[in-house]
Amino acid sequence: MARQSTRAQAPRVKEILAALRRTYPDAHCELEYSNPLELLIATILSAQCTDKRVNQVTRTLFQKYRSAADYARAPLSELEQAIRTTGFYKNKARNIQACCRALVERHGGQVPRTMEELTALEGVGRKTANVVLGNAFGLNEGIVVDTHVRRVARRLGLTRQKNPEKIEQELMQLVPRELWTQFSHWLIWHGRRRCTARKPDCEHCELRELCPSAGNATVD
DNA sequence: CTCCCGATAT
DNA sequence: ATATCAGGAG
């Protein structure tokens, strides 16, 4: 049987967007930052780690390292220890340093504002680039597809894809561009508060009547 | 596909 | 004990 076209999905998508807006009117980036560089570093640290822990680490990290040059010249072992509790700390420390050295050498110590320049940085893929573009610069260049967006979008039947880039392409066809950044926040908030990975709370879910997985959210 | 990896909820 | 957490690179 044919899967539903994006055109056939359109009315249901509008209802889902309205319900998300109604349920999470204050959804926002929960990583704490005060400039684009801090958001870039926080997002690199957020891989397979809770925002809560990232914020715990960055609160002190951002006092010690204030510019790309600060990370670029720091002893690697010192950087590793400072971020150790976020996990994957050797990769993350190496990526942050290489990334910041590239910022100093190619971008005058500033964070670039294009997808191409961002994803050319070490440790920065489309997900991290979309977080920075959308939240630090207010640019809707794409849709953040993290573990929550992937799981919730699949459970809601908005995509059947598993590859994050294919999921992003399909979601971009379904959601108006001016909502891309908010849409990511809505799905992430929903993924954390209701549609959790291990024990989704379908009984109290505000999207229950719009969700094909309600009651048996077996999709990962 | 595998590897990287500590902290926490279940 | 084990799954999961705002992924990316080889």
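Note that this is a predicted model, so its numbers are computed, not measured. Residue numbering restarts at 1 for every chain, and letters A, B, ... go by the order of the sequence lines.
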**Prompt:** Can A/Phe88 be said to stack with the base of C/dG7, given centres closer than 5.5 angstrom and planes under 30 degrees apart?
**Reply:** yes
Say we look at B/dC5 and C/dT4: how far apart would their C1' atoms be, to the nearest angstrom? 13 Å
From the candidates C/dA6, B/dA9, B/dA7, the one with an atom nearest any side-chain atom of A/Asp146 is C/dA6
Would you indicate, yes or no, if C/dA6 has its OP1 or OP2 atom less than 4.0 angstrom from a side-chain nitrogen or oxygen of A/Ser184?
no
- Item | Interatomic distance at P, B/dA7 relative to C/dA9, whole Å | 25 Å
Here the distance between atom P of B/dC5 and atom CZ of A/Arg94, to the nearest Å, is 8 Å
C/dA6, OP1 or OP2 - any side-chain N/O from A/Thr147 closer than 4.0 Å?
no
In whole angstrom, give me the gap between the P atoms of C/dA1 and B/dC4.
-> 23 Å
note: A/Leu45, atom CG; B/dA7, atom C1'; distance rounded to Å ~ 15 Å
Assert: residue with more 5' nearest nucleotide on DNA chain B, out of A/Gly87 and A/Lys199, is A/Gly87
Residues 84-94 of chain A vs side chain to side chain donor-acceptor pair (under 3.5 Å), sequence neighbours excluded, gives A/Asn91-A/Arg94
Over all strands shown, is A/Thr85 touching base, sugar-phosphate only, or nothing at heavy-atom distances under 4.0 angstrom? sugar-phosphate
Between A/Asp51 and A/Leu121, the residue closer to the 5' end of DNA chain C by nearest nucleotide is A/Asp51
In whole angstroms, the gap separating P of B/dC4 from OH of A/Tyr89 amounts to 11 Å
Winner on side-chain proximity to A/Arg53, out of B/dT8, C/dC5, B/dC5, is B/dT8
In whole angstroms, the gap separating P of C/dG8 from CD1 of A/Ile83 amounts to 15 Å
Practice prompt. Ignoring backbone atoms, establish whether A/Arg192 has a side-chain N or O less than 4.0 Å from OP1 or OP2 of C/dA6.
Written response: yes
When rounded to whole Å, the CD to C1' distance for the pair A/Gln48 and B/dC3 reads 12 Å
In whole angstroms, the gap separating P of C/dA6 from CD1 of A/Ile188 amounts to 8 Å
Between CD1 of A/Ile41 and P of C/dG7 the distance, given in whole Å, is 16 Å
Practice item. Scan A/Lys90 against the nucleic acid and name what it touches under 4.0 Å (heavy atoms): base, sugar-phosphate only, or nothing. Key: sugar-phosphate
Practice prompt. Could you tell me whether A/Glu78 atom CD has more than 12 heavy atoms of other residues or ligands within 6.0 Å of it?
Written response: yes
Comparing nearest nucleotides in DNA chain C, the 5'-proximal residue of the pair A/Gly123, A/Cys49 is A/Cys49
Give a yes/no on whether any side-chain N or O of A/Arg151 is located under 4.0 angstrom from OP1 or OP2 of C/dC5. yes
| At under 4.0 Å between heavy atoms, what does A/Thr128 touch on the DNA or RNA strands: base, sugar-phosphate, or nothing? | sugar-phosphate
salt_bridge(A/Glu30, A/Arg192) N-O dist < 4.0 Å:
yes
Next on the checklist: Regarding A/Asp201 and A/Arg194, does a basic nitrogen lie under 4.0 Å from an acidic carboxylate oxygen?
Outcome noted: yes
Sub-4.5 Å side-chain heavy-atom contact between A/Tyr65 and A/Leu79 | yes
Assess whether a salt bridge exists between A/Arg150 and A/Glu168, defined as any Lys/Arg side-chain N lying under 4.0 Å from an Asp/Glu carboxylate O. no
In whole angstroms, the gap separating P of B/dA7 from CG of A/Asn55 amounts to 16 Å
Considering only heavy side-chain atoms of A/His148, the closest of C/dC5, B/dA7, C/dT2 is C/dC5
DNA chain B nearest-nucleotide lookup for A/Lys52 and A/Thr86: closer to the 5′ end is A/Thr86
Discussion item. Just to be sure I understand the rule, does A/Val124 reach a base, reach only the sugar-phosphate, or reach nothing, if contact means heavy atoms closer than 4.0 Å?
Written reply: sugar-phosphate
ask   = Side chains of A/His28 and A/Asn135: is there a donor and an acceptor less than 3.5 Å apart?
value = no
